[in-house]
Amino acid sequence: MSVSHEAPADLPAPPTLSVGKILRSRELVLIGLLAMVFIGGNASSPWFLDIYNLLDSTAIFSEIALMALGTALVIITRDIDISMASILALSSLVMGLASQHLGLGAVPLVLIGLATGALCGAVNGTLVARLGMPAIVVTIGTMSLFRGIAAGILGDGKIAEFPTAFTAIGQSYLFGMIPLSFVVFILLSVVFVVLTHFTVLGRNLFALGNNPEGARYSGVRTNRLRFLLFTLNGLMAGLAAVFLTARLGSTRPDIAMGLEMEVITMVVLGGVSISGGKGTITGVVLAALVIGFLRLAVTLNNVPGNILIVFTGLLLIGSVALPIIGEKYAYLFKLMRRPRN
Amino acid sequence: MLNVLKSREALLAASWLALIALAGSITPNFVSIQGLRDLMTDLSILVVLAVAQMIVILIRGIDLSVAANLAFTGMVVALLSVANPGLPTVVWPLVCIVVGAMVGMLNGALIAELQIPPIVVTLGTMSIWRGMIFVISGGSWVVQHQFPEGYLAVPRTQILGLTLFFWIGLTVAAGMWLVMTQTRFGRELYGMGGNPRAAQYAGVRVKHHEFWVYTITGALAGLSGWLWTSRYAMANTDVAAGFELQTVAACVIGGVAIAGGAGTVIGAVFGALFLGTLYNILPVIGVSQFWQQALSGAIILLAVYFNMISRKPPVRRILPLASPQGAGE
């Protein structure tokens, strides 16, 4: 009877990504959304479809999207990280201090930024995976701690002394039109797709997210994996810090304030289940494009950033709520539907 | 179990008094009548919000939107009071409670009815209401001279030498203590936090309670919006930014388990008193206010760590059970 509807889909190890799955699911919805953003953007502003505008806007969301890649993996494994924007702020500050006091060049600065990010991530990872503290309070705590350290050191001041070679990272374009951060984001997306959906490591992530206990008993070194993912997420925040700091050419303690919300919106809109074990990197990448170009369309219509966060908030809740509402009231359409298997 | 909790609260109360004594020994003004009165006035808002956050954490939730709710409600009532200065002052707290409760109801509906994780819902509503402040105010501020006289004066009325702020904080804390310890609703919330499924099977209306918990939290956050705007005579988009983290910090310091089911109102109150006093002491001992945020973070982590090691078995059990997070760690 109706009992059999729910469970069986999960039993045979399903491919975590396949063409058929893409066509059936979240990705298709996202492509539709993206098309709507483009149609709406074009209708509301004559400058939206300008190729330079479009490509230039990628610089802004690529930094956020880089963090979304890492956070997606964290959420797939049933953890959560809301400290990445604060990690970004601290990495940015450390780069600023290194530039101001040591007069370092671009390459050492980048390395310092990445190392700071990874270190902060490792702190999260240690507290969560080694000490067994709940990820949500740990990252609420470190969210406050990391940004707080930046605020404590810098007060309400800012550092704007960066070498030109460093700021060039955030302000140079491939072929004169594609921002470097977008290129890096696309390349890393490919790496993440392969890593997550076509390797044993990736399979372990989903195993851990679906059934932590089961994964452990099947020989997955779950705590090491969780530690590595938090560290990786810190590293991605460090990378985002490099691009953002270089693009702005300065750093302040309130840099990237509130970005954690946009990161999580991208991940959740991308179809990653907040309760773990489900999601695709392709979905997250598409969601990043949707949010990024939506932001461009909204900005071109002179809507201030303070109102933009209303849209992102609605999108975050809507992207989770609508499928649930759809499922809840699916019985209204039951006559039209036939279960496929 | 009960003894551990009792001693924790006693410990917190003692360290709170020690903190005040320390500050007093450096700056005698801090423990003057006026100094203590100011301290109590300042702490009342954090106490109200900590108690509000406590009942949410108790049922395994979290409400990151309390500060945005406070700021939004504060702006709504500030704009209303500027537009209608003639209305009696008692209208404003009522308006705040109603607006705050509606904001909370939205959280409650999404969390209880649609079963969306509280962290996602409240992260989203946090942005929505922050953004809505800008929408309704057009980005402008409401400042001291614009408020009607009574709006700022009434909460400062002194009763028995303490301001109305203090008495409101005390009333909320006492009321919540009564609800949590003396009523069936409160008892059932502990049950839900300890084991939602068992509570459901035992006949607790889990969804109904969850909805009302977020609504109550919203109403208290709304009330804080009135307290905040009249205390600081200001309403703008950035009011109380990041304050939600302090409410969580106050709870975990007070021994409220983030995994739900354990914690007391008195603990949360003393957590808030301790944390709020610590912030007020920072300038006294020569630490820049800019370190306040880092301190909150460090305290949250330490408090959670100590909670964890001091309360290994989270619930009293007759037989040991395998813990879901992987045994043998």
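In the text below, chain A, chain B and the rest are named by the order of the sequence lines, each starting its count at 1. As the structure is a prediction and not an experimental result, all values here were calculated from the model.
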Side chains of [X] and [Y] in contact at under 4.5 Å (non-hydrogen atoms):
| X | Y | result |
| --- | --- | --- |
| A/Ile153 | B/Trp291 | yes |
| B/Ser127 | A/Val310 | no |
| B/Val121 | A/Val320 | no |

(request) Output the option from B/Ile62, B/Ile300, B/Leu64, B/Leu114 having the highest count of non-hydrogen pairs under 4.5 Å with chain A. (result) B/Leu114
(message) Can you tell me how far apart CG (A/Leu314) and OG1 (B/Thr125) are? Round to the nearest 0.5 Å.
(response)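 If we round to the nearest 0.5 Å, A/Leu314:CG and B/Thr125:OG1 are 10.5 Å apart.
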(message) Please report the interatomic distance CZ(B/Phe290) to CG(A/Asp156), rounded to the nearest 0.5 Å.
(response)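 Rounded to the nearest 0.5 Å, the CZ-CG separation comes to 4.0 Å.
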Which region of [X], side chain (C-beta onward) or backbone (N, CA, C, O), has a non-hydrogen atom less than 4.5 Å from a non-hydrogen atom of chain A, or is it both or neither?
| X | result |
| --- | --- |
| B/Leu110 | side chain |
| B/Glu113 | both |
| B/Leu295 | neither |
| B/Ser288 | neither |
| B/Leu123 | both |

(message) Can you tell me which residue among A/Thr312, A/Ile317, A/Ile309 is in a side chain to side chain contact (heavy atoms under 4.5 Å, CB included) with B/Ile128?
(response) A/Ile317
(message) I need the residue from A/Val138, A/Val137, A/Ile307 with the largest number of non-hydrogen atom pairs under 4.5 Å to chain B.
(response) A/Val137
(request) Please state whether the side chain, the backbone, both or neither of A/Pro304 comes within less than 4.5 Å of a heavy atom of chain B. (result)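 Answer is side chain: those atoms of A/Pro304 sit under 4.5 Å from chain B.
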